A.B. asks: 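Got a structure for you, questions after.
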Amino acid sequence: MSATGPHLWLRAETKKNEKRTALTPTVAKKLMDNGFKVTVEKSTQNIFNDKDYADIGCPLVEAGSWRTAPSDAYIIGLKELPENDFTPLPHAHIMFAHCYKNQGGWKDVLGRFEKGKGLLLDLEFLQDERGRRVAAFGYYAGFAGAAIGIDVWAHQQLNPNEAYGSVTPFPHEDELIAYVKGRLDKAVAKNGSVPRVMVMGALGRCGTGAADFARRVGIPEEKIVKWDMQETARGGPFPEILDQEIFVNCIYLSKPIPSFLTKDMLTKEGRPLSVLVDVSCDTTNPHNPIPVYTETTTFDSPVVKVETGAAPLDVVAIDHLPTLLPREASESFCADLLPSLLALRDRSNARVWTDAEKLYKEKVQSMHA
């Protein structure tokens, strides 16, 4: 079928260890079957091979060549554009830009689009008519966050004098579950008790994923403490967090709220809390509800120790957790995104895209307010 529809240009991800993709071969094929043109940059990071795309008829081009793509191409990717590049951006980009909530450097990011007369269609803010995100990695973010958190706790029991090592993505979720369950079982046998896992934002996609992983590795239901808006309605801080071994924060921060936890609280002697996983990762947000650490962590160095005067606290704050399971996370996300991508054929009349463009223009105006 000849391409009569929009042109999507899948750029190669450059963030270290990012193996997810914004277009899986399955979704790329469905787009092409509907008349779209799909160009794919070669990538050594993508969980899917270049051949997977070539086999369905996608033209392959060199990584980074999106800069000289045809002006009408939509440049689609997931994470941030390459660092230390401040050149103007003339294309329409579909991506997670992380610049709409006053994060550090947000004006620099938006300024590139403004200078180049381009357009940012931010994946985080594509919403359906009910205001719910059309596609999100939330479930696998929570799933992966709980996985690393439980594994860090197991490591504390099994190797208390050794630093926690690097983490690499798993090809399939069953392998991740088997690995963490094996470590957890050994740690429980040594420690004599199963850790309590507290999930904040338990009713959302992210929190559901975190609770599901805990169940999959054998944490009993009564040891999974699920909090959401009802439990937090009185406003923080919440000393109950200190009574859990593992705390997984899965909330979506959309407005200022009182802190859940403060550094002063961590000085409490004998507190069970030893692992904090901040899936939300709002480190640079001025309203971060967990202001006990100041730096994000990475797959190469997943844990930062927070010295408290009492026992240290191991904090995991990786801002692209779903790439721990890049295949499942990408397939799920792209399947949800597909209907919106198909609507690009008539973007000027597709509410999901007109709303995204309107939001971009509002954010650009706010830079000059």
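The residues of the chain are indexed from 1 along the displayed sequence. Quick caveat, the model's predicted, so the values are computed rather than measured.
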A.B. asks: Does D151 come within less than 4.0 Å of R183, counting only side-chain N to carboxylate O?
C.D. replies: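 Counted as a salt bridge, because a side-chain N and a carboxylate O are separated by less than 4.0 Å.
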A.B. asks: Ignoring hydrogens, what is the shortest heavy-atom contact between G149 and V277? Give both atom names and the distance.
C.D. replies: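 Nearest pair, atom of G149 first, then V277: CA-CG2, 3.5 Å.
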A.B. asks: For the residue pair D314 / Q156, report whether a side-chain donor-acceptor contact shorter than 3.5 Å exists.
C.D. replies: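 Yes, because at least one side-chain N or O of Q156 sits under 3.5 Å from a partner of the opposite role on D314.
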A.B. asks: Answer whether the closest heavy-atom distance between the side chains of L60 and T39 falls below 4.5 Å.
C.D. replies: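 Not in contact.
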A.B. asks: Going from NZ on K16 to CZ on F299, what distance comes out if it is rounded to the nearest 0.5 angstrom?
C.D. replies: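 The CZ atom of F299 is 12.0 Å from NZ of K16, to the nearest 0.5 Å.
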A.B. asks: Using a cut-off of 6.0 Å, state whether more than 12 heavy atoms not belonging to E221 lie near its atom CD.
C.D. replies: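 Yes, because the 6.0 Å sphere around CD of E221 holds more than 12 heavy atoms from other groups.
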A.B. asks: Can R347 and E357 be counted as an ion pair, charged N to O under 4.0 angstrom?
C.D. replies: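 Looking at R347 and E357, the cut-off is met.
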A.B. asks: We want to know whether N191 and S193 form a side-chain donor-acceptor pair, criterion being a heavy-atom distance below 3.5 angstrom.
C.D. replies: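 There is such a pair (donor and acceptor under 3.5 Å, judged by atom type) between the side chains of N191 and S193.
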A.B. asks: Would D33 and K30 pass as an ion pair if we require N to O under 4.0 Å?
C.D. replies: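 Salt bridge between D33 and K30, a charged N being under 4.0 Å from a carboxylate O: no.
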A.B. asks: Can you give me the closest heavy-atom contact between L321 and I148, atom names plus distance?
C.D. replies: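 In terms of heavy atoms, the two residues are closest at CD2-CD1, 3.7 Å.
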A.B. asks: Taking side-chain contact (heavy atoms from CB on, under 4.5 Å) as the test, write out the residues that go with Y252, two or more places apart.
C.D. replies: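 For Y252 the side-chain contact (heavy atoms from CB on, under 4.5 Å) partners, ignoring immediate neighbours, are K101, E124, F125, R133, S254.
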A.B. asks: Mind listing the closest non-hydrogen atom pair of V279 and G145 along with its distance?
C.D. replies: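 Closest heavy-atom pair between V279 and G145: CG2-CA, 4.2 Å.
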A.B. asks: Looking at side-chain heavy atoms only, is the closest gap between L184 and I219 below 4.5 Å?
C.D. replies: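 L184 reaches I219 side chain to side chain.
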A.B. asks: Is E307 paired with K263 through a side-chain N to carboxylate O contact shorter than 4.0 Å?
C.D. replies: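 No, K263 and E307 are not salt-bridged.
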A.B. asks: Are the side chains of V248 and V197 in touch, meaning some heavy atoms are under 4.5 Å apart?
C.D. replies: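 Yes - at least one pair of side-chain heavy atoms lies under 4.5 Å apart.
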A.B. asks: Does either side chain, that of D264 or that of T262, offer a donor lying less than 3.5 Å from an acceptor on the other one?
C.D. replies: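 No.
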A.B. asks: Flag yes if more than 12 heavy atoms outside M367 fall under 6.0 Å of its CE atom; otherwise flag no.
C.D. replies: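 More than 12 within 6.0 Å, yes.
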A.B. asks: Report the C-alpha separation of T323 and E18 in whole Å, then their side-chain angles, then the decisive distance to 0.1 Å, and conclude whether the side chain to side chain donor-acceptor pair (under 3.5 Å) test is met.
C.D. replies: CA-CA 6 Å; T323 202; E18 181 54 80; 3.0 Å; yes
A.B. asks: Of H91, H93, E41, which meets side-chain hydrogen bond (donor to acceptor under 3.5 Å, both in side chains) against W9?
C.D. replies: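 The option that passes is E41.
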A.B. asks: To the closest 0.5 Å, what do you measure between NZ (K115) and CG (L89)?
C.D. replies: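 One finds 10.5 Å between NZ of K115 and CG of L89.
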A.B. asks: Could you go step by step and tell me if F247 and D278 meet the side chain to side chain contact (heavy atoms under 4.5 Å, CB included) rule?
C.D. replies: CA-CA 8 Å; F247 175 57; D278 191 3; over 6 Å; no
A.B. asks: Can we say D174 and R216 salt-bridge, meaning some charged N sits less than 4.0 Å from an Asp/Glu carboxylate O?
C.D. replies: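 Here D174 pairs with R216 in a salt bridge, since their nearest N and O are under 4.0 Å apart.
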A.B. asks: Search all heavy atoms of L176 against all heavy atoms of A147 and return the closest pair with its distance.
C.D. replies: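 Looks like CD2-CB, 4.0 Å.
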A.B. asks: Answer whether the closest heavy-atom distance between the side chains of L273 and I241 falls below 4.5 Å.
C.D. replies: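 L273 reaches I241 side chain to side chain.
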A.B. asks: Verify side chain to side chain contact (heavy atoms under 4.5 Å, CB included) between V40 and D50, making sure each step is shown before the conclusion.
C.D. replies: CA-CA 8 Å; V40 175; D50 292 343; 5.5 Å; no
A.B. asks: How about NZ on K358, more than 12 heavy atoms from neighbouring residues, nucleotides or ligands closer than 6.0 Å, or not?
C.D. replies: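 No, not enclosed.
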A.B. asks: So, for M200 and T232, which heavy atoms are closest and what is the spacing to 0.1 Å?
C.D. replies: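 Scanning both residues completely, I find the closest heavy atoms to be SD-CG2, 3.4 Å.
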A.B. asks: Any heavy-atom pair between the side chains of R11 and L81 that's under 4.5 Å?
C.D. replies: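 Yes; the side chains approach each other to less than 4.5 Å.
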A.B. asks: Dump the intermediate steps for side chain to side chain contact (heavy atoms under 4.5 Å, CB included) on F36 and L342, then the final yes or no.
C.D. replies: CA-CA 8 Å; F36 281 62; L342 290 170; 4.1 Å; yes
A.B. asks: Is any NZ, NE, NH1 or NH2 atom of the basic residue among R205 and D336 found under 4.0 Å from an Asp or Glu carboxylate oxygen of the other?
C.D. replies: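 Here R205 does not pair with D336 in a salt bridge, since their nearest N and O are not under 4.0 Å apart.
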A.B. asks: For a side chain to side chain contact (heavy atoms under 4.5 Å, CB included) with P6, tell me which candidate from D72, L341, L344, V38 qualifies.
C.D. replies: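 Going through the options one by one, the only one that passes is L344.
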A.B. asks: Counting C-beta onward and ignoring hydrogens, is there a side-chain heavy-atom pair between D52 and C58 closer than 4.5 Å?
C.D. replies: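 Contact flag for D52/C58 side chains = no.
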A.B. asks: Working to the nearest 0.5 angstrom, can you tell me the gap between E13 CD and T21 OG1?
C.D. replies: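 The distance works out to 7.0 Å.
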A.B. asks: For the atom pair CG (L120) and SG (C99), what is the distance rounded to the nearest 0.5 Å?
C.D. replies: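 Between L120 CG and C99 SG, I get 5.5 Å after rounding to 0.5 Å.
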A.B. asks: Given E80 and H320, is the side chain to side chain donor-acceptor pair (under 3.5 Å) satisfied, shown in steps?
C.D. replies: CA-CA 11 Å; E80 303 92 334; H320 59 138; over 6 Å; no
A.B. asks: Kindly check if the number of other-residue, nucleotide or ligand heavy atoms within 6.0 Å of NZ (K79) is above 12?
C.D. replies: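 Count over threshold, so yes.
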A.B. asks: Identify whether the distance between the nearest side-chain nitrogen and carboxylate oxygen of R234 and E240 falls below 4.0 Å.
C.D. replies: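 Yes.
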A.B. asks: So does D128 pair up with R132, basic N to acidic O under 4.0 Å?
C.D. replies: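 R132 and D128: not salt-bridged.
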A.B. asks: Same hydrophobic cluster for F96 and I47, using side-chain heavy-atom links shorter than 4.5 Å among ILVMFWY?
C.D. replies: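 Yes.
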A.B. asks: For the residue pair N159 / Y164, report whether a side-chain donor-acceptor contact shorter than 3.5 Å exists.
C.D. replies: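 There is no such pair (donor and acceptor under 3.5 Å, judged by atom type) between the side chains of Y164 and N159.
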A.B. asks: Which heavy atom of G204 sits nearest a heavy atom of D228, and at what distance?
C.D. replies: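 It is N-OD2, 4.0 Å.
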A.B. asks: Can you find a heavy atom in the side chain of Q157 that is under 4.5 Å from one in the side chain of K186?
C.D. replies: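 Contact flag for Q157/K186 side chains = no.
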A.B. asks: Salt bridge or not between R112 and D108? Use side-chain N to carboxylate O under 4.0 Å.
C.D. replies: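 Answer for the salt bridge query: no.
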A.B. asks: Apply salt bridge (Lys or Arg N to Asp or Glu O under 4.0 Å) to residues D319 and K15 and explain how you reach the verdict.
C.D. replies: CA-CA 11 Å; D319 64 6; K15 187 180 182 74; 3.3 Å; yes
A.B. asks: Is the NZ or CZ atom of R20 positioned over F333's six-membered ring, under 6.0 angstrom from the centre and within 45° of the axis?
C.D. replies: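 No, R20 does not sit over the ring of F333.
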A.B. asks: So with a 6.0 Å cut-off around NZ of K361, is the heavy-atom count from everything else above 12?
C.D. replies: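 Open: at most 12 neighbouring heavy atoms sit under 6.0 Å from NZ of K361.
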A.B. asks: Evaluate the side-chain proximity of L324 to F143: yes if any heavy-atom separation is below 4.5 Å, no if none is.
C.D. replies: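 SC-SC contact between F143 and L324 ruled out.
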A.B. asks: So, T308 versus R271: side-chain donor-acceptor pair below 3.5 Å or not?
C.D. replies: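 Note: T308 and R271 side chains meet the donor-acceptor criterion.
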